[in-house]
Amino acid sequence: MKEEKELESLNIDSTIYKTRLSGKFKNRKPYSLPDPSRVLSFISGTVLEILVKEGQEVRKGDDLMILEAMKMQNRLKSQQDGLVKKVCVKRGDKVIKGILLLEIEQIHRIPS
Amino acid sequence: MALKSKIKELQERREKLLRGGGEQAIEKQKALGKRTARERIMALLDEGSFNEYDLFVEHDARDFDMDKKTLPSDGVIIGTGTIFGAPVAIYAQDFTVAGGSLGLMHSRKITKIMDHALKMKMPLIGINDSGGARIQEGVNSLAGYGEIFFRNTLSSGVIPQISVILGPCAGGAVYSPALTDFVFVVDNISKMFITGPEVIKTVLGEEISMEDLGGARVHSEITGNAHFFSSSEEECFAQIKKLITFIPWHNGQKARTADTAEPDPGFNIDKIVPDDPTLPYDVKDVIKSTVDNSDFFEIMENYARNIVIGFGRIGGRTAGFVANQPLEMAGVLDVDSSDKAARFIRYCDAFNIPIITFVDVPGYLPGIDQEHAGVIRHGAKVLYAYSEATVPKITVILRKAYGGGYIAMASRHLRSDFVFAWPTAEIAVMGPEGAANIIFRKEIMSSDDPDGTRRLKIEEYKKMFANPYVAASRGYVDAVIEPSETRRSLLHSLAVSENKMIQVPEKKHGLPPF
């Protein structure tokens with residue numbers, strides 16, 4: 001189990017240390033800002049029903065689809081007002097966590 | 001005459017039961033590279049020391065045609081014996097009998113030996129090799145697990161509890177090992193998970209092999225559920241036997257002392273640690289250069305390698321070692337290393353084992369993943385564990401001891417009994433680079449040559465603060481010692497703290513940040 005790893009650099013409080021880096025550190029998931037236009041599967045499951053069509057206008061809070069996981073029917077809601085730009089899955093699809101399901105394009109209304 | 005025939009009957013009955021699940025099942029077990037439950041017990045205990053109980057126990061389940069099935073000894077062997085003369089209570093699940101499945105009587109046998117171990121104050125060893133709950137016995141099987149978990153908790157901190165995973169240990173069954181002190185796993189044999197690959201595939205659509213989900217390597221390297229990894233059952237038993245020599249039989253006594261010798265002079269303690277605090281070295285060499293026979297028994301070797309924990313002896317007495325490892329992740333404290341160290345400190349405290357801490361810590365690992373994984377909560381465990389521990393605590397600051405890392409690593413402020421520092425120690429609020437950047441920010445920014453000024457200020461800070469003498473002048477360090485004086489200092493500190501007694505506020509129990 002002993003693999004010889006090369007020494008790399010690690011910055012702690014402005015000091016650069018020569019050390020081995022762990023796999024967990026190197027493979028850590030990069031953080032990305034939440035993007036309300038991309039609706040992702042928050043859990044692995046099955047697409048039970050898609051409630052919107054491409055091009056359809058939706059309001060923040062509208063139901064977009066039902067994702068069944070762990071025997072629970074989860075209603076995925078739109079995080080913003082906009083148009084359904086793309087539906088990336090179809091009914092019955094099994095999806096793992098973090099998959100892009102729908103894209104919602106924000107529309108900027110001209111105040112009347 | 002009657003006696004003779006009755007003895008013969010006993011012998012026949014025994015012989016039948018000693019065959020466990022029968023030839024076919026035993027052959028299957030062997031084909032998997034596994035020994036039988038009985039062979040395992042024999043391999044682990046001193047020769048001829050095993051006394052078996054409940055050989056004749058049978059289940060009385062009726063549903064699902066269970067009344068037509070006989071399960072020899074109900075699939076588990078229990079008894080007592082010795083390891084290097086130390087008394088132990090042991091159970092071993094027999095996979096050849098109904099897949100080692102846990103029914104009511106099976107669980108009653110286990111709880112019987114657990115009660116015995118607690119009452120007689122001796123270590124308990126559980127060998128797990130079971131397909132899980134005996135579904136035919138329904139809620140009785142669940143009751144059995146619950147009774148085991150309850151006893152694991154009751155015995156925790158009173159008697160050492162060792163779990164050996166030599167086969168599957170899935171579903172609720174995993175929680176007994178998780179509640180015990182040390183978990184041993186063997187490559188390609190141990191499998192531990194709450195939900196298996198099949199369920200994960202059906203429910204979540206994710207595919208993974210049993211080995212990658214919950215094999216020995218996974219639990220030794222990723223989850224931290226296992227404390228000892230080996231590549232064969234034989235090696236595993238040798239590890240268990242060695243562990244038994246380091247620990248006391250119960251919390252009312254100290255570990256037995258052993259006849260030992262000086263460390264190997266090949267570890268030249270003056271040459272191990274580079275002067276430059278940014279360069280790595282193997283802190284295990286420092287430990288080996290101070291312990292008897294240079295024999296360091298490492299625990300969780302492959303998990304959170306940035307901290308090293310394990311047992312060694314100083315003058316024949318067991319001590320628990322905690323050391324930052326500059327070779328891995330610069331020896332930072334993070335979620336996993338905090339968790340690993342804190343639990344070990346609490347183990348030592350529960351079982352009267354003095355704690356020796358070697359410090360070379362740059363601080364905490366920065367990162368979104370660390371913050372979101374709860375480095376605050378996990379890091380607090382180290383503070384809690386060291387503060388709570390009433391066993392003798394000896395600290396040796398080898399090199400860096402910066403900021404929060406300094407406080408956490410058994411500092412004087414957490415009531416370490418003896419704090420030593422090497423002349424190479426740098427006890428400061430942070431590394432010179434970081435400190436200079438903050439303190440001399442204005443001067444650096446307004447300089448015509450910011451980089452030159454920064455370098456100058458860093459050097460200035462280093463000269464003034466990157467040493468052990470500021471802390472020593474406050475009494476936070478008791479003595480600055482040469483590296484070659486370390487073993488002598490440890491021997492002396494342990495000798496004079498033999499009768500350490502301190503009062504702690506009365507409480508039911510504290511609330512460590514689990």
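Only this structure's heavy atoms are used, side chains among them; waters, hydrogens and symmetry mates stay out.
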Going from [atom1] on [X] to [atom2] on [Y], what distance comes out if it is rounded to the nearest 0.5 angstrom?
{"X": "A:Tyr17", "Y": "B:Lys400", "atom1": "OH", "atom2": "NZ", "value": "5.0 Å"}
{"X": "B:Lys201", "Y": "A:Lys94", "atom1": "NZ", "atom2": "NZ", "value": "8.5 Å"}
{"X": "B:Leu327", "Y": "A:Leu7", "atom1": "CG", "atom2": "CG", "value": "7.0 Å"}

Please say whether more than 12 non-hydrogen atoms of neighbouring residues, nucleotides or ligands are located less than 6.0 Å from [atom1] in [X].
{"X": "B:Glu234", "atom1": "CD", "value": "no"}
{"X": "B:Asp275", "atom1": "CG", "value": "no"}
{"X": "A:Arg28", "atom1": "CZ", "value": "yes"}
{"X": "A:Lys77", "atom1": "NZ", "value": "yes"}

Considering only heavy atoms and a distance below 4.5 Å, find which of [options] pairs most often with chain A.
{"options": "B:Leu365, B:Asn437, B:Asp187", "answer": "B:Leu365"}
{"options": "B:Gly331, B:Ala330, B:Ala436", "answer": "B:Ala330"}
{"options": "B:Ala304, B:Pro280, B:Gly363, B:Pro326", "answer": "B:Pro280"}

Original post:
Is A:Ser14 reaching over with its side chain to a backbone N or O of B:Glu433, donor-acceptor style, under 3.5 angstrom?
Top reply: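 Looks like no, no N/O pair under 3.5 Å.
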
Original post:
Is it the side chain or the backbone of B:Tyr364 that comes within 4.5 Å of chain A heavy atoms, both, or neither?
Top reply: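 B:Tyr364 touches chain A through backbone heavy atoms alone.
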
Original post:
Side chain, backbone, both or neither: which part of B:Ile222 has a heavy atom under 4.5 Å from chain A?
Top reply: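 Its backbone and side chain both get close to chain A.
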
**OP:** Just do the side chain to side chain contact (heavy atoms under 4.5 Å, CB included) check on A:Ile16 and B:Thr278 with the steps written out, would you?
**Re:** CA-CA 7 Å; A:Ile16 316 286; B:Thr278 68; 5.9 Å; no

With a 4.5 Å limit on heavy-atom distance, are the side chains of [X] and [Y] in contact?
{"X": "A:Ser44", "Y": "B:Glu206", "answer": "yes"}
{"X": "B:Met329", "Y": "A:Leu21", "answer": "yes"}
{"X": "B:Pro366", "Y": "A:Ile12", "answer": "yes"}

Subject >> Pairing of A:Lys24 and B:Asp336 as salt bridge, 4.0 angstrom limit >> reply: yes

Subject >> Set of side-chain hydrogen bond (donor to acceptor under 3.5 Å, both in side chains) partners for A:Ser37, sequence neighbours left out >> reply: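 Counting only residues at least two positions away or on another chain, A:Ser37 forms a side-chain hydrogen bond (donor to acceptor under 3.5 Å, both in side chains) with A:Asp35.
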
**OP:** Could you have a look at A:Asp13, A:Thr15, A:Thr19 and say which one has the most heavy-atom pairs with chain B under 4.5 angstrom?
**Re:**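 Most pairs with chain B among the choices: A:Thr19.
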
